[in-house]
Amino acid sequence: MNQKLVSLTFGALCVCGLSFSQVKTKKANTPTAPDKTVSVQIDSISDGKNLDAIEMAIVADSLSAKTIEDLQLASEIDQKWLDELYSNELFDSIYASVTDLKYDAVDYPELPTDTLKARLHKLSSKTPFNIEYNESLESVIKSYLKHRRNSLERLMSLSDYYFPMFERELDNYNIPLEIKYLAIVESALKPRAKSRVGATGLWQFMFATGKQYNLNVTSYVDERSDPLKSTEAASKYLARLYEIFGDWDLALASYNCGPGNVSKAIRRSGGYENYWNIRPYLPKETAGYLPAFLATMYIFEYAEEHGFKKHRPEFRYIDTDTIHVKQMISLDQVSELLELPMEELQFLNPSYKLDIIPYVEGKNYTLRLPRHAVGKFVTNEASIYEFVTNEMNKREKPLPQLFESETKTTYRVVSGDNLGKIARQFNVRVSQLKQWNGLRSNDLKIGQRLIVYRTQPSTSASKSVANVSTKPTVQNSTSNSSKTYKVRSGDSLWSISKKFPGVSIQNIKDWNDISGNNLKAGTTLKLSR
């Protein structure tokens, strides 16, 4: 019995050993097969048949299959608006100089202290301000003379346009005419200047205060940027502040920080009412406000003695006039019809936020023009409004049909062309043509190439034009990936910034240590930090 059991056991062990010998083991040094799609024989549990198991290839994420890009034109518009809001070097430098005034002694031997004292005494005798010599005021005056000469000369040229309208309104409300210098401290004579807290215009009105003094703000219009209306509002406000304090120094201080802060400073000083006595208790910006105002007044009043040379002003207020509009009209339509540079119209009409003058029943919106263009407009008024009406009827309607993406077109100027004619040919605006090509005027040369962005309806076949070559919008050699740019003849900071989306005028100035706006052909500019 035991022998039989032993025999069975031995037989079973032999069978097991034979079965295990059929399994191949993988040696440690056996090379692995390359990572490919392979077929492996496996047993199917359901029916016992062999099936092929296929290894699936990895598919890339569909989101990464496309490069998502912004619309170039919209991006350029955004950048232009940001530049307008935040990249005004002159306004920012003056704002910073008021908030961060330093009162250290400044070495400026051209203005001896005794001479300054005599001039300040003479200035004080003919103004209602308390202009008394002190070391802080001397420091500010000499600092401005030494470090801000170029910007002051530019402001003197601008003042030839703005000061006559300021003086007329100030005189109407019995305000000292020297208050006109306050607009330099407030806004550097920039009608669209906007502070970090939202104060806007030549006289820096906040939204609520502007409403209180009848400065209307709508989607189309911001009357805080209207030179005449904002000056009238500032005159009313300053007259009211003078009634409260009976002192022009304190009225100016309260214009900056509010009557409540001035009354607190009077309390904290122990009851003093002289600006220089309560100055340590005023907010930091207001503490530098009156010294900046008095320093500006002194330099403008004694500009000749300090050798300032005014740049020739582009406009004088007396050489302009206004027309009441009878229907909605855009500045680029006026530019096209009257052959006026768009920049001139924007300068003369700064309160129109979208460069469109609306027509509203009961409101009087005006178009300010150079005098030589006023007669041309009035004589052709009927045909001008007829043209505007036709233009408005051709405006794009909401989603009329599907549109293909924009295409970039190069147009060669031929004899008889002008910007208006080319704009009508491609159904675009003159201002767009000038923006796309960095044009600063309406002048064109025969053979000159212009870039035009066209949007073609997908339902219509594109028509060929003899002297037009159309290409898909592609990123050309002047892309933001370039690190440098070589200045060509006719280039400006503005035109260069438009060639590099995301690069502002101030970026170019900062990265290349440029203080002014003049560029020399052949200069290599850095276009990244």
Near-ring test Tyr237/Tyr255, centroid separation under 6.0 angstrom: yes
Take Ile299 and Met156 through the side-chain contact (heavy atoms from CB on, under 4.5 Å) test and state the conclusion after the steps. CA-CA 10 Å; Ile299 292 171; Met156 287 176 186; 4.0 Å; yes
Taking the side chain as everything from C-beta on, heavy atoms only, tell me whether Val217 gets closer than 4.5 Å to Glu223. no
Exercise: identify the closest heavy-atom pair between Asp247 and Tyr242: N-CE1, 3.5 Å
Should Cys257 and Tyr289 count as side-chain neighbours, where that means a heavy-atom distance under 4.5 Å? no
Criterion side-chain contact (heavy atoms from CB on, under 4.5 Å) on Thr200 and Ser225, from CA distance to verdict: CA-CA 7 Å; Thr200 300; Ser225 295; 3.8 Å; yes
On the 0 to 90° scale, with breaks at 30° and 60°, tag the Tyr161-Phe347 ring pair as parallel, tilted or perpendicular. tilted
For the residue pair Tyr181 and Phe163, does the interplanar ring angle fall in the parallel (under 30°), tilted (30 to 60°) or perpendicular (over 60°) class? perpendicular
Output the distance between atom CD (Glu138) and atom CG (Leu111), rounded to the nearest 0.5 Å. 7.0 Å
Please give me the minimum heavy-atom distance between Leu137 and Pro291, naming the atom from each residue. CD1-O, 3.8 Å
Quick check: does any side chain N or O of Asp171 sit under 3.5 Å from a backbone N or O of Glu167, one acting as donor and the other as acceptor? no
Does atom OH of Tyr317 have more than 12 heavy-atom neighbours from other groups under 6.0 Å away? yes
Applying side-chain contact (heavy atoms from CB on, under 4.5 Å), run through Tyr220 and Lys353 and close with a yes or a no. CA-CA 5 Å; Tyr220 284 109; Lys353 296 156 69 172; over 6 Å; no
Do the non-hydrogen side-chain atoms of Ile329 and Tyr359 ever get within less than 4.5 Å of each other? no
Rounded to the nearest 0.5 angstrom, the CD-OG1 distance for Glu135 and Thr113 is 8.5 Å
Would you name the heavy atoms of Leu158 and Ala188 that are closest together and state the gap between them? CD1-O, 4.4 Å
What I want to check is whether the side chains of Ser187 and Trp203 have a donor and an acceptor closer together than 3.5 Å. no
Let me confirm one number: the CD1-OH distance from Ile141 to Tyr133, rounded to the nearest 0.5 Å. 9.5 Å
Residues Pro227 and Pro350: closest non-hydrogen pair is CD-CG, 3.9 Å
Can Glu381 and Lys326 be counted as an ion pair, charged N to O under 4.0 angstrom? yes
Could you tell me whether a side-chain N or O of Gln346 sits under 3.5 Å from a main-chain N or O of Leu331, the two making a donor and an acceptor? no
Hey, does the side chain of Asn437 reach the backbone of Ile451 with a donor-acceptor pair shorter than 3.5 angstrom? yes
Restricting to non-hydrogen atoms, name the atom on Leu340 and the atom on Ala373 that form the minimum distance, rounded to 0.1 Å. CD1-CB, 3.8 Å
Would you indicate whether Glu273, at its atom CD, is surrounded by more than 12 heavy atoms from other residues, nucleotides or ligands within a distance under 6.0 Å? no
Under the side chain to side chain donor-acceptor pair (under 3.5 Å) criterion, do Glu132 and Ser124 qualify, and how do the steps go? CA-CA 7 Å; Glu132 297 179 3; Ser124 181; over 6 Å; no
Quick one: are the ring centres of Tyr144 and Tyr298 less than 6.0 Å apart? no
Which heavy-atom pair separates Ile508 from Ile514 by the least distance, and what is that distance? O-CD1, 4.3 Å
Just wondering, do Leu250 and Ile278 contact through their side chains at under 4.5 Å, heavy atoms? yes
Kindly check if the number of other-residue, nucleotide or ligand heavy atoms within 6.0 Å of NE2 (His147) is above 12? yes
Could you tell me whether the side chain of Thr389 and the main chain of Tyr385 form a donor-acceptor pair under 3.5 Å? yes
Walk me through whether Leu241 and Trp248 qualify under side-chain contact (heavy atoms from CB on, under 4.5 Å). CA-CA 8 Å; Leu241 292 174; Trp248 281 113; over 6 Å; no
Heavy-atom side-chain proximity of Asn256 to Phe293 below 4.5 angstrom: no
Could you walk me through whether Ser230 and Arg224 pass the side chain to side chain donor-acceptor pair (under 3.5 Å) check? CA-CA 5 Å; Ser230 65; Arg224 295 176 296 175; over 6 Å; no
Strictly by modelled atom types, are Gln333 and Ser330 linked by a side-chain donor-acceptor pair under 3.5 Å? yes
Under the criterion side-chain contact (heavy atoms from CB on, under 4.5 Å), which of Asp226, Asn349, Asp321 is the partner of Arg368? Asn349
Is there a donor-acceptor pair under 3.5 Å between the side chain of Ser269 and the backbone N or O of Ile266? yes
Short question: side chain of Lys142, backbone of Asp107 - any donor-acceptor pair under 3.5 Å? no
Between CH2 on residue Trp276 and OG on residue Ser136, distance to nearest 0.5 Å: 6.5 Å
Taking atom CZ as the centre, does Arg316 end up with more than 12 heavy-atom neighbours from other residues, nucleotides or ligands that are less than 6.0 angstrom away? no
Atom CG of Asn174 and atom OG of Ser235: how far apart are they, to the nearest 0.5 Å? 10.5 Å
So how far is it from Glu344 CD to Leu338 CG, rounded to the nearest 0.5 Å? 11.0 Å
Donor-acceptor check, side chain of Asp332 to backbone of Ser335, threshold 3.5 angstrom: yes or no? no
Would one find more than 12 heavy atoms of other residues, nucleotides or ligands at under 6.0 Å from atom CD of Gln327? yes
Count the heavy atoms of every other residue, nucleotide or ligand shown that sit under 6.0 Å from CD of Glu243, and state whether that count exceeds 12. yes
Got a donor-acceptor contact below 3.5 angstrom from the Thr379 side chain to the Gly375 backbone? yes
So Met342 and Asp355, do their side chains get closer than 4.5 Å, heavy atoms only? yes
Using a 4.5 Å cut-off on heavy atoms from C-beta on, say whether the side chain of Lys236 contacts that of Arg240. no
Are side-chain heavy atoms of Thr524 and Tyr485 found at a separation under 4.5 Å? no
Can you check whether Gly201's main-chain N or O pairs, donor with acceptor, with Gln204's side chain at less than 3.5 Å? yes
Kindly say whether Ala287 contributes a backbone atom to a donor-acceptor pair with the side chain of Tyr275 at under 3.5 angstrom? yes
